[in-house]
There are 2 protein chains.
Amino acid sequence: MSYLIEQCKRLKEASYALGMISTKDKDEALRLIIDSIKRNKDDILAENDKDVLAAKEKGTKDSLIDRLKLTEDRIQGILEGIETIIGLKDPIWRSNDVWTLENGLTISKMTVPLGVIGIIYESRPNVTVDAFSLALKSGNCILLRGSSSAIHSNKMIVSAIKEGLRRSKVSEDIIELIEDTDRNVVKEMLTLNEYIDVIIPRGGADLIRFVVDHATVPTIETGIGNCHIYVDESANLENAIQIITNAKIQRPGVCNACETTLIHEDIAPKFLPMLAAALKDKVELKGCPRTREIIQAAEATDMDWAEEYLDYILAVKVVSNVDEAIGHIQAYGTKHSEAIITENYTNANYFLRRVDAAAVYVNASTRFTDGGAFGFGGEMGISTQKTHARGPMGLNELVTMKYTVVGNGQIRQ
Amino acid sequence: MSYLIEQCKRLKEASYALGMISTKDKDEALRLIIDSIKRNKDDILAENDKDVLAAKEKGTKDSLIDRLKLTEDRIQGILEGIETIIGLKDPIWRSNDVWTLENGLTISKMTVPLGVIGIIYESRPNVTVDAFSLALKSGNCILLRGSSSAIHSNKMIVSAIKEGLRRSKVSEDIIELIEDTDRNVVKEMLTLNEYIDVIIPRGGADLIRFVVDHATVPTIETGIGNCHIYVDESANLENAIQIITNAKIQRPGVCNACETTLIHEDIAPKFLPMLAAALKDKVELKGCPRTREIIQAAEATDMDWAEEYLDYILAVKVVSNVDEAIGHIQAYGTKHSEAIITENYTNANYFLRRVDAAAVYVNASTRFTDGGAFGFGGEMGISTQKTHARGPMGLNELVTMKYTVVGNGQIRQ
């Protein structure tokens with residue numbers, strides 16, 4: 001039996017007990033973990049230094065090293081995240097759907113934990129704590145496969161979490177870290193249907209594709225965002241500039257950043273120069289032929305419409321109407337976050353209903369698609385598929401349900 | 001481009017319009033389909049005769065031929081199923097979750113159709129109509145892959161449905177039947193993530209396994225039921241006999257039939273002879289060693305505990321307490337339907353909470369796990385996985401959601 005299967009067996013076994021534990025005991029365990037992370041803070045920072053040093057030696061990009069790096073402040077932020085989750089409502093053993101059949105059977109649709117959640121994630125070690133805390137509060141065990149570049153940090157963080165759990169009423173077996181950095185271990189993990197109830201890949205497009213291609217365990221795809229902002233004929237143009245600027249440059253490397261803006265032809269001659277001025281020296285523009293008649297921009301190809309730049313680049317296209325904008329979004333979007341800027345009530349409602357995406361916006365930045373911003377106290381990832389969960393996955397997305405059926409001798413006729 | 005991809009493109013395109021269509025127009029389309037099936041009834045029966053004849057020539061089992069056969073009465077039943085679905089509440093564009101952030105953004109979690117649903121099913125041609133009707137009412141397009149043994153029936157039924165749709169405001173492109181009976185077409189279907197939002201396999205264990213192993217499209221596993229009934233120390237023994245008899249023999253070939261019964265050791269000496277008498281000449285018993293000390297039964301092996309007999313066979317095991325019963329269910333069950341027969345309030349509640357299955361019963365037959373019996377007006381299958389939907393899948397399980405986010409210029413700080 002592989003070590004991974006031993007880990008999975010411990011998790012599965014622990015999940016039965018965890019599903020029965022009271023909210024009070026789960027919250028108390030989270031508090032003890034806060035204490036334990038505080039006590040082990042120096043060791044966590046020291047182990048993180050090893051990861052950062054190794055990344056530098058490998059010539060890793062500065063932006064990735066920044067994602068990897070932990071500081072006193074960032075650990076403080078992680079602990080505040082746990083506090084937030086302690087304050088949220090326990091999502092387990094709740095119902096708003098109970099009914100009684102003619103024959104007297106009473107059926108209740110009750111929320112229950114998923115069981116064992118696998119998460120495969122890249123770089124940022126704070127995800128280790130966020131994902132674990134959401135899992136514990138929702139009664140789920142968690143199997144973590146972090147990036148090899150964060151292995152020292154993750155080992156120390158998981159060790160601190162287990163130390164906290166040992167002082168609590170919750171078993172330390174509810175969390176396991178895969179320490180083997182061989183990719184074949186991921187492949188094995190993806191087919192352990194007997195032990196793992198769902199796998200969430202959180203990272204770049206390559207990782208997501210690898211997981212979807214190889215998994216037999218149900219998976220939830222996350223985080224690929226080719227997001228659009230459509231500026232309608234009737235838009236408040238000042239608002240539109242503010243929103244596009246925010247969605248493009250406030251944090252360009254994230255999935256809810258805007259990658260393409262679509263401009264109604266009637267306002268393009270006025271709006272495009274305003275946009276070009278606002279983004280000057282900050283963002284590289286790539287335009288369709290009609291755009292390039294009005295402002296200076298590199299030529300946008302079909303590749304540009306499909307690309308998630310995650311960079312200071314914006315594709316710009318002039319469209320004839322809201323239907324052409326929606327058609328473009330349908331053809332190239334990734335069903336993440338899409339926005340319309342408009343004062344036209346009918347177009348706003350049409351866009352909201354008609355666009356197929358996890359989050360559809362009117363007159364606001366796409367950057368709000370985020371568990372924290374939505375008020376979920378964190379997120380396990382942002383689902384871009386349609387089954388199980390869509391958009392930011394917080395506590396309420398980490399549950400499944402069962403029907404309890406209570407009778408007094410009923411048999412089927 | 002393969003013909004399958006052409007079909008999928010038509011479905012995807014049609015799904016955008018279908019998602020916007022009113023309840024009234026969907027219901028009217030369903031009524032026109034009832035008319036059309038009535039008008040084409042003789043042709044449907046004639047085509048079905050061809051399938052039945054071919055099955056007989058191939059030496060197919062009588063029970064399978066019975067599943068395949070359509071009659072006037074069965075067509076009447078199918079039409080009543082559509083009537084029921086017309087009467088159900090439209091599940092689309094509803095919400096019970098709307099909130100406003102501090103910054104004034106109002107977020108609504110709205111139900112929307114999944115888009116394009118693929119269903120792979122065996123034998124019974126009535127599933128063609130049931131699945132289509134549920135899909136239409138929930139705003140979904142459907143790609144059908146029926147059994148090759150029902151191909152003539154399915155072609156004629158789909159032709160009648162399309163005839164009805166042509167008189168309605170709904171496009172006839174919302175339904176496509178895969179007529180190619182080569183299994184490689186199924187393999188292709190399973191990887192068309194661009195066009196198909198979810199695939200539901202409905203059939204035997206081999207089909208489910210094939211689909212899960214080869215699919216990159218999200219799938220929902222259905223219908224494998226190794227269901228248990230545990231008779232607790234305090235059970236009303238007359239009730240227990242009635243319930244086990246019903247769950248075993250009322251229709252043994254279905255997934256919610258009982259396959260193993262677990263008996264508390266303190267009542268085994270009294271209860272097992274009662275059970276043996278009740279099932280005498282009807283059901284073959286296979287017992288654990290302790291069972292065989294009390295009644296006559298063949299020896300049950302580990303294979304028996306794991307098997308879904310779908311036949312007049314019942315495995316019997318004596319257990320020491322409710323925890324041993326739950327342990328056995330956890331080890332061998334398929335998370336479908338599990339029951340306890342007890343008068344002990346604490347044990348009943350413990351079993352309901354602790355057993356991990358789609359439906360957990362107290363003092364009732366497992367045979368009720370069914371979309372019709374639950375009041376869903378039919379079902380697309382019974383999910384035995386934990387993501388997206390669990391248990392019978394009716395209209396409310398054929399939806400996904402999106403967040404609409406409405407603002408007046410909000411940007412992320």
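Quick note on labels: first sequence line is chain A, next is B, and so on, each numbered from 1.
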Might you work through the side chain to side chain donor-acceptor pair (under 3.5 Å) test for A:R412 and B:Q250, ending with a clear yes or no?
CA-CA 8 Å; A:R412 187 98 182 252; B:Q250 194 242 359; 5.5 Å; no
Steps toward side-chain contact (heavy atoms from CB on, under 4.5 Å) verdict (A:L190, A:I199)
CA-CA 7 Å; A:L190 294 174; A:I199 288 177; 3.7 Å; yes
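In this structure, chain A has heavy atoms under 4.5 Å from both the backbone and the side chain of B:A359. Only the side chain of B:E397 comes within contact range of chain A, with at least one heavy atom under 4.5 Å from a heavy atom of that chain. Heavy atoms of B:V217 lying under 4.5 Å from chain A are absent altogether. Only the side chain of B:I92 comes within less than 4.5 Å of a heavy atom of chain A; its backbone N, CA, C and O stay farther away. In this structure, chain A has a heavy atom under 4.5 Å from the side chain of B:L101, while its backbone stays farther away. For B:N363, the parts sitting under 4.5 Å from any heavy atom of chain A are the backbone and the side chain alike. Proximity to chain A (any heavy atom under 4.5 Å) is restricted, for B:N256, to the side chain, taken from C-beta onward. Contact annotation for B:N236: neither backbone nor side-chain heavy atoms come within less than 4.5 Å of a heavy atom of chain A. For a residue to count as touching a neighbouring chain, one of its non-hydrogen atoms must lie under 4.5 Å from one of that chain's; by this rule B:A17 does not touch chain A. In this structure, chain B has no heavy atom under 4.5 Å from any part of A:A389. Looking at A:I411, both its backbone and its side chain come within 4.5 Å of chain B, counting heavy atoms on both sides. With a threshold of 4.5 angstrom between heavy atoms, A:V112 approaches chain B through side-chain atoms but not through N, CA, C or O.
Most heavy-atom pairs under 4.5 Å with chain B, from the set A:R354, A:Q242, A:E194: that is A:R354. Heavy-atom pairs under 4.5 Å with chain A were tallied for B:G115, B:A373, B:A339, B:P113; the largest tally goes to B:A373. Your options are A:T366, A:V355, A:I340, A:I341, and the one with the most heavy-atom pairs under 4.5 Å with chain B is A:V355. When A:Y361, A:Y16, A:Y350 are compared by the number of non-hydrogen pairs under 4.5 Å with chain B, A:Y16 comes out ahead. Listed options A:R353, A:E102, A:M110, A:Q385 were ranked by heavy-atom pairs under 4.5 angstrom with chain B; first place goes to A:R353. In terms of heavy-atom pairs under 4.5 Å with chain A, the best-connected choice from B:N239, B:I107, B:T216 is B:T216. Among B:T219, B:T369, B:D370, the residue making the largest number of heavy-atom pairs under 4.5 Å with chain A is B:D370. Highest contact tally toward chain B, considering only A:E238, A:E221, A:Q413, A:K335, is held by A:Q413 [criterion: heavy-atom pairs under 4.5 Å]. Counting heavy-atom pairs closer than 4.5 Å to chain B, the top-ranked of the candidates A:S337, A:A358, A:S365 is A:A358.
Using the six-membered ring where Trp is involved, B:W99 and A:F376 have ring planes that are tilted, between 30° and 60° apart.
The environment of CD in A:E13 is sparse: at most 12 heavy-atom neighbours from other residues, nucleotides or ligands sit within 6.0 Å. In A:R209, the CZ atom is crowded: over 12 heavy atoms of neighbouring residues, nucleotides or ligands sit closer than 6.0 Å.
The closest side-chain heavy-atom distance from A:V98 to A:K109 is not below 4.5 Å. Taking the side chain as every heavy atom from C-beta outward, A:D356 and A:Q330 approach each other to under 4.5 Å. Contact annotation: the side chain of A:L105 never approaches that of B:F374 to less than 4.5 Å [non-hydrogen atoms, C-beta and beyond].
The backbone N or O of B:A348 lies less than 3.5 Å from no partner atom in the side chain of B:T342, so there is not a single donor-acceptor pair. The backbone N or O of B:L398 lies less than 3.5 Å from a partner atom in the side chain of B:N140, making a donor-acceptor pair. Judged purely by atom type and a 3.5 angstrom limit, B:T111 uses its side chain to pair as donor or acceptor with the backbone of B:R94. Remark: the backbone N or O of B:T400 is not paired with any side-chain donor or acceptor of A:K386 at under 3.5 angstrom.
With salt bridges taken as basic N to acidic carboxylate O contacts below 4.0 Å, none links B:D213 and B:K187.
Among residues 402-410 of chain A, the residues having any heavy atom closer than 4.5 Å to a heavy atom of chain B are, in sequence order, A:K402, A:Y403, A:T404, A:V405, A:V406, A:G407, A:N408, A:G409, A:Q410.
Contact detail for B:L88 and B:G375: the closest heavy-atom pair is CD2-O, 4.4 Å. The nearest pair of heavy atoms linking B:R251 to B:V254 is O-CG2, 3.0 Å.
Atom CZ of A:R390 and atom NE2 of A:H336 lie 11.5 Å apart (nearest 0.5 Å).
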